[in-house]
Amino acid sequence: MKPFVYLLAALCMPLPACAANQSGGLPVWAYPINLAAPAAPAAPDPTPLRVSGSDVTFTFAQTRDPYNVPDWHPNNHPAAPEIVLKGGGPGVLACGYCHLPNGLGRPENANLAGLPADYIVQQVADMKNDLRKSSEPKMAPPGLMHSIAKLATEEQVREAAKYFSALKPTPWIRVVETVTVPKSRVLGAMYVAIEGEPKELLGMRILEVPENTRQQELRDSGSGFVAYVPPRSIKRGEVIATLGVLSSGKGKVTPCVACHGADLRGLGPVPALAGRSPSYLVRQLYDLQQGHRKGPWSPLMKNVVENLDAADMVAIAAYASSRAP
């Protein structure tokens with residue numbers, strides 16, 4: 001078993017009420033952190049496991065090997081290069097372990113499917129050169145990606161970027177407007193619903209959880225997510241994205257569609273936003289606002305994000321995620 005397995009082990013901790021409803025400063029709900037101490041590794045279990053819609057089997061330990069991606073659905077993506085499924089040497093984990101072989105990823109990382117290859121290459125370079133950081137240093141996945149970016153070769157990065165860029169984005173997240181949501185905990189680096197608990201108020205946040213917790217725990221690329229967003233946030237986000245009118249009443253900004261395309265599916269080298277993780281999008285808006293993303297294209301977003309408040313960010317992310325990819 002590789003040492004990274006225990007670094008990435010699934011740990012559980014309830015979401016504090018104060019974190020769920022924080023209205024100012026860092027939107028802590030968007031940066032899930034494992035607060036518990038790592039559990040001792042369990043004895044290896046040789047039981048072959050299955051997921052819905054797949055004839056492949058893996059043991060639980062095999063689903064935790066970041067140098068040998070558990071590819072449950074090898075037919076839902078083209079042949080992948082070694083960097084995607086096996087990694088690129090010590091410290092350079094397989095890209096498909098976190099971003100999944102079909103590129104759709106999970107809320108704690110980026111959906112890469114269909115992004116421009118040059119954009120992906122630039123973002124990895126920004127991380128390597130410390131021009132792109134997370135506003136919450138304790139969130140593990142961004143830190144891990146920084147380490148990988150510093151070790152990966154240019155050839156490996158370009159090979160991975162070419163692969164993910166060629167993938168077709170598909171629906172992956174079901175967006176639901178609601179007042180109350182399941183109580184949740186952090187499992188690994190994502191939220192999961194706590195079964196059997198009464199619901200709680202959502203407040204001004206987004207809760208993104210797997211449609212099937214067990215399948216996502218096994219890193220199943222065939223099982224997506226549901227994102228719970230505040231009532232009327234999709235419509236408010238549409239107004240900001242298409243007209244540039246802020247829901248906070250702080251005036252106008254450049255509409256998202258001006259750069260990201262009328263359908264938010266990207267425009268030239270500008271990345272698509274449609275259908276992507278809303279909690280991921282909130283993190284990027286906040287990171288840009290705080291100056292933690294300083295790559296060559298980041299200044300284009302400065303005037304857009306500087307006056308956004310929490311409600312604006314939630315609305316934009318809710319609307320973008322609800323759009324067909």
Side-chain angles (χ1 to χ4, degrees), residues 8 66 69-74 76-88 92-128 132 134 139-149 151-173 189-190 208 216 219-225 227 260-261 264-285 287 293 295 297 317 320-321 323-325:
L8 297 170
V69 174
D71 192 0
W72 292 101
H73 306 278
N76 77 354
H77 61 85
E82 184 166 308
I83 185 64
V84 171
L85 295 182
K86 303 292 184 181
V92 183
L93 281 60
C95 307
Y97 185 76
C98 294
H99 300 284
L100 305 182
N102 59 5
L104 297 177
R106 311 200 313 173
E108 71 267 26
N109 54 57
N111 177 337
L112 301 179
L115 288 179
D118 287 345
Y119 179 81
I120 296 174
V121 169
Q122 183 63 60
Q123 299 315 302
V124 177
D126 289 351
M127 294 177 192
K128 181 176 184 176
R132 174 172 174 169
S134 173
M139 186 176 176
L144 185 60
M145 187 62 223
H146 271 259
S147 299
I148 295 171
L151 294 171
T153 67
E154 290 186 12
E155 181 180 357
Q156 289 170 337
V157 173
R158 289 199 172 276
E159 188 175 27
K162 180 180 179 181
Y163 171 77
F164 287 116
S165 178
L167 297 177
K168 180 179 174 57
T170 56
W172 185 237
I173 300 165
M190 67 179 179
E208 197 169 349
Q216 268 305 324
R219 311 196 81 82
D220 177 14
S221 62
S223 181
F225 293 82
H260 294 275
L264 298 185
R265 294 179 184 170
L267 193 62
V270 180
L273 305 179
R276 300 188 184 275
S277 162
S279 50
Y280 174 85
L281 292 177
V282 168
R283 286 197 299 275
Q284 303 320 303
L285 289 170
D287 289 351
R293 289 185 58 170
W297 297 336
S321 186
R323 308 302 293 162

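The analysis underlying the following values was restricted to heavy atoms, covering all of them including side chains, and did not include hydrogens, waters or symmetry mates. Computed from a predicted model, the values in this text were never measured in an experiment.
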Trainee: Would Arg106 pass as a cation-pi partner of Phe225, given that its NZ or CZ must be under 6.0 Å from the six-membered ring centre and within 45 degrees of the axis?
Mentor: no
Trainee: Looking at Ser321 and Gly275, would you say the former's side chain and the latter's main chain have a donor-acceptor pair under 3.5 Å?
Mentor: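 No, the answer is negative, given that no donor and acceptor are paired below the 3.5 Å cut-off.
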Trainee: Taking the side chain as every heavy atom from C-beta outward, state whether Ile120 and Phe164 have any pair of such atoms under 4.5 Å apart.
Mentor: yes
Trainee: Can you give me the closest heavy-atom contact between Ala161 and Ala117, atom names plus distance?
Mentor: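 Taking every non-hydrogen atom into account, CB-O, 3.7 Å.
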Trainee: Hey, what do you get for CG (Asn102) to OG1 (Thr170), rounding to the nearest 0.5 Å?
Mentor: 6.5 Å
Trainee: List the atom of Leu115, the atom of Ala272, and the distance in Å for their closest heavy-atom pair.
Mentor: CD2-N, 4.0 Å
Trainee: Counting distance only, does the side-chain N/O of Tyr163 pair as donor-acceptor with the main-chain N or O of Pro101 below 3.5 Å?
Mentor: yes
Trainee: Checking Asp118 against Gln122: is there a side-chain donor and acceptor pair closer than 3.5 Å?
Mentor: no
Trainee: For the side chain of His99 and the backbone of Ala110, is there at least one donor-acceptor N/O pair under 3.5 Å apart?
Mentor: yes
Trainee: Less than 4.5 Å apart, any side-chain heavy atom of Ser277 and any of Ile173?
Mentor: yes
Trainee: Which pair of non-hydrogen atoms, one from Pro278 and one from Ala317, has the smallest distance, and what is that distance?
Mentor: O-CB, 3.3 Å
Trainee: Enter the distance from Ser221:OG to Gln216:CD here, rounded to the nearest 0.5 Å.
Mentor: 8.5 Å
Trainee: For the atom pair CG (Leu112) and SG (Cys98), what is the distance rounded to the nearest 0.5 Å?
Mentor: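 Rounded to the nearest 0.5 Å, the CG-SG separation comes to 10.5 Å.
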Trainee: Which atom names give the shortest non-hydrogen contact between Asp220 and Trp172, and what distance separates them?
Mentor: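 Looking at all heavy atoms of both residues, the shortest contact is O-CH2, 4.1 Å.
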Trainee: If I take atom CG from residue Leu93 and atom CG from residue Leu151, how far apart are they, to the nearest 0.5 angstrom?
Mentor: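 With rounding to 0.5 Å, CG (Leu93) is 10.0 Å from CG (Leu151).
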Trainee: Under 4.5 Å between any side-chain heavy atoms of Val92 and Ile83, yes or no?
Mentor: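 Result yes, sub-4.5 Å side-chain heavy-atom pair found.
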Trainee: Return the minimal non-hydrogen interatomic distance between Gly268 and Pro116, and the atom names on each side.
Mentor: O-CG, 3.5 Å
Trainee: Could you give the distance from OG (Ser134) to CE (Met145), rounded to the nearest 0.5 Å?
Mentor: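 Between Ser134 OG and Met145 CE, I get 13.5 Å after rounding to 0.5 Å.
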Trainee: Is there a side-chain contact between Glu108 and Glu208, using heavy atoms and a 4.5 Å cut-off?
Mentor: no
Trainee: Any donor and acceptor pair, going by atom type alone, linking the side chain of Arg293 with main-chain N or O of Asp287 inside 3.5 Å?
Mentor: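 Absent.
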Trainee: Carefully, step by step, assess Leu104 and Leu167 under the rule side chain to side chain contact (heavy atoms under 4.5 Å, CB included).
Mentor: CA-CA 9 Å; Leu104 297 177; Leu167 297 177; over 6 Å; no
Trainee: Whether the side chain of Arg219 engages the backbone of Tyr97 through a donor-acceptor N/O pair (distance < 3.5 Å, no angle test) should be reported.
Mentor: yes
Trainee: Restricting to non-hydrogen atoms, name the atom on Arg276 and the atom on Gly114 that form the minimum distance, rounded to 0.1 Å.
Mentor: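 Scanning both residues completely, I find the closest heavy atoms to be NH2-C, 4.5 Å.
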Trainee: Given the rule in the side chain to side chain contact (heavy atoms under 4.5 Å, CB included) test, do Thr153 and Arg158 qualify, once you have shown the distances and angles that lead to the verdict?
Mentor: CA-CA 9 Å; Thr153 67; Arg158 289 199 172 276; over 6 Å; no
Trainee: With side chains defined as the heavy atoms from C-beta onward, is the minimum distance between Leu281 and Leu273 less than 4.5 Å?
Mentor: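 Sidechains of Leu273 and Leu281: in contact.
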Trainee: Is Trp297 reaching over with its side chain to a backbone N or O of Tyr119, donor-acceptor style, under 3.5 angstrom?
Mentor: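 No: the side chain of Trp297 does not pair with the backbone of Tyr119.
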